[in-house]
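Following: one structure in structure tokens, then a few remarks.
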Number of protein chains: 2
Amino acid sequence: MHRIARAPASSANIGPGFDALAVALKLYVEVELTSRPGGLHVVTEGHGSHLPVGPSHLAAQVACEVLGHDRFELRVRSQIPVARGLGSSASLAVAAAAAAGAKDPFAYGFSVDGHPENAAASAMGGLMVAAVVDGAPVARHLRLDPDIRFVVVVPDTQLATSRARGTLPDMVPHEDAAFNLGRLGLLVAGLADHTQLLAAAGDDRLHQDQRRSLFPEAPQLLAGLREAGALTSCWSGAGPSMLGICDVDDAGAVAVSARSLMARLGLDGEVLELEADLEWTVVQEFF
Amino acid sequence: MHRIARAPASSANIGPGFDALAVALKLYVEVELTSRPGGLHVVTEGHGSHLPVGPSHLAAQVACEVLGHDRFELRVRSQIPVARGLGSSASLAVAAAAAAGAKDPFAYGFSVDGHPENAAASAMGGLMVAAVVDGAPVARHLRLDPDIRFVVVVPDTQLATSRARGTLPDMVPHEDAAFNLGRLGLLVAGLADHTQLLAAAGDDRLHQDQRRSLFPEAPQLLAGLREAGALTSCWSGAGPSMLGICDVDDAGAVAVSARSLMARLGLDGEVLELEADLEWTVVQEFF
């Protein structure tokens, strides 16, 4: 058996869409699985290759669970920065499950942390809404305007999602919950047709401000992206990456401005200019 | 001057979309405005004709505000039940503003109660998301599958929106705010393509259960609509009307079942089977 599966990174939450929205981005993790009677062997390249290889590696755990044994070799090649708010764990789990022949890689991506939106985008591509219904993850595609590009500011600092979740309050004003609902509707309308996308559609009251203490430069980056021409801007996942949502014609200039801004703020890192990935997880099989 | 304007009723909130979504329905109020040098005269027919006519009538107030004088006659003909959760006030304000020649009837509909979603649907038709951004109402169209029909259970009891708002808590669990965001995304995906509409997409944690004390039969009606074949069901606006969202092929049977259920529950009222109204407010001018 020999299978190669490729899954895209994803940017979740997207402003008001806390725990609900995610978009797949053209930045990939590839997992190559080959039978190996001698037992598990894991080789990693690219982002995440500093993590311990062996049975505790997420890709190995997922593939073991799918196959029911560990007689395989895994080669993991990743372009997705780890713990930056780009859904690297969900992408890896989806790719590993697909490489192991799972019928529903989405479910394996979901089981990583019990949140379905990153996994949905990595498994199904495009712009997804996802939720847990009666304990099971469900997801649906939403229309995404092909003229939208994503400028992603990726600082060199890591931010664990679990730590970012710890900053959220137990209770929120009813008014803030309603605020996010209206903005989410405006965002979905604007992502379907970028000419209808308002800057305010990226605004949020449920997680971004609450997480600011973890990344104090966030408000300046978000404002800077909008000033540079992004239609709107928001945190990517639980951060620290920031997302500028742009008209294809403006994305280059926004990325240039974002690089200058990072330099002015004294932040190390990179700025990526990405298209949405509209394909499902791609699997190649060799027998 | 002689103008006739017609605006549709609307059903707001739509399950998880509290204060955010509304759909225009083919049920109308028509306002006919004619110059009358002798001063204001108001004539009403149909629903709402029990309300006092004169300067305090909402249509007269709005038309006065638009025109800056009261030298006109208004004839108001309404098919929209009052205080039932069908946006009758917003529809009337939009129609009166349009009949008076306002450039932006939506703004006048919004000013009735400071909530933009009913007014947006009445002024612009179809499925709308609306919010207040920097004090101003904004709205965007969302895709609505033309194969969807709305079965509306309209009990004979009135429920003032102000009273319904009084039942809402100041604070809600963060988890419930996130719950509604996920459901709203699923709902928007399902309203764009009814084959993708999950029953769970109509679920809500921010207003429906909290308002149950005002209309104890609501849960049975909501469950009954789904059991009878509605794809999902929810409160219409602040109630007491209930909305069944149906495939066009099932709407007739759902309406029949809903009538039986009302009878079994001992509820007076009517059940309407309605299409969405996809036109803007229609204005005819005669000079």
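Numbers restart at 1 for each chain; the letters A, B, ... are given by sequence-line order, proteins then strands.
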>> Under a 4.5 Å cutoff for heavy-atom pairs, which residue among B:Ala20, B:Ala201, B:Pro173 has the most contacts with chain A?
In response: B:Pro173

> Who pairs with B:Leu142 by side-chain contact (heavy atoms from CB on, under 4.5 Å), at least two apart in sequence or on another chain?
Replying inline: A:Val188, A:Ala189, B:Leu21, B:Leu127, B:Val129, B:Val188

> What's the spacing between A:Leu184 CG and B:Leu184 CG if we round to 0.5 Å?
Replying inline: 5.0 Å

> Which bit of B:Ala130 is near chain A, if near means a heavy-atom gap under 4.5 Å: side chain, backbone, both or neither?
Replying inline: backbone

> Side chain, backbone, both or neither: which part of B:Leu168 has an atom under 4.5 Å from a heavy atom of chain A?
Replying inline: side chain

> Of the non-hydrogen atoms in A:Leu181 and B:Pro16, which two are nearest, and what is the gap between them?
Replying inline: CD1-O, 3.2 Å

> Relative to chain A, which segment of B:Pro116 carries a heavy atom at a distance below 4.5 Å: side chain, backbone, both, or neither?
Replying inline: neither

Which donor-acceptor pairs lie under 3.5 Å between chain A and chain B?
residue: A:Val132; atom: O; partner: B:Arg183; partner atom: NH1; Å: 3.4
residue: A:Val132; atom: O; partner: B:Arg183; partner atom: NH2; Å: 3.3
residue: A:Arg140; atom: NE; partner: B:Gln196; partner atom: O; Å: 2.8
residue: A:Arg140; atom: NE; partner: B:Gln196; partner atom: OE1; Å: 3.3
residue: A:Asp170; atom: O; partner: B:His174; partner atom: N; Å: 2.7
residue: A:Val172; atom: N; partner: B:Val172; partner atom: O; Å: 2.8
residue: A:Val172; atom: O; partner: B:Val172; partner atom: N; Å: 2.8
residue: A:His174; atom: N; partner: B:Asp170; partner atom: O; Å: 2.7
residue: A:His174; atom: NE2; partner: B:Leu206; partner atom: O; Å: 2.7
residue: A:Arg183; atom: NH1; partner: B:Val132; partner atom: O; Å: 3.4
residue: A:Arg183; atom: NH2; partner: B:Val132; partner atom: O; Å: 3.3
residue: A:Gln196; atom: O; partner: B:Arg140; partner atom: NE; Å: 2.8
residue: A:Gln196; atom: OE1; partner: B:Arg140; partner atom: NE; Å: 3.3
residue: A:Leu206; atom: O; partner: B:His174; partner atom: NE2; Å: 2.7

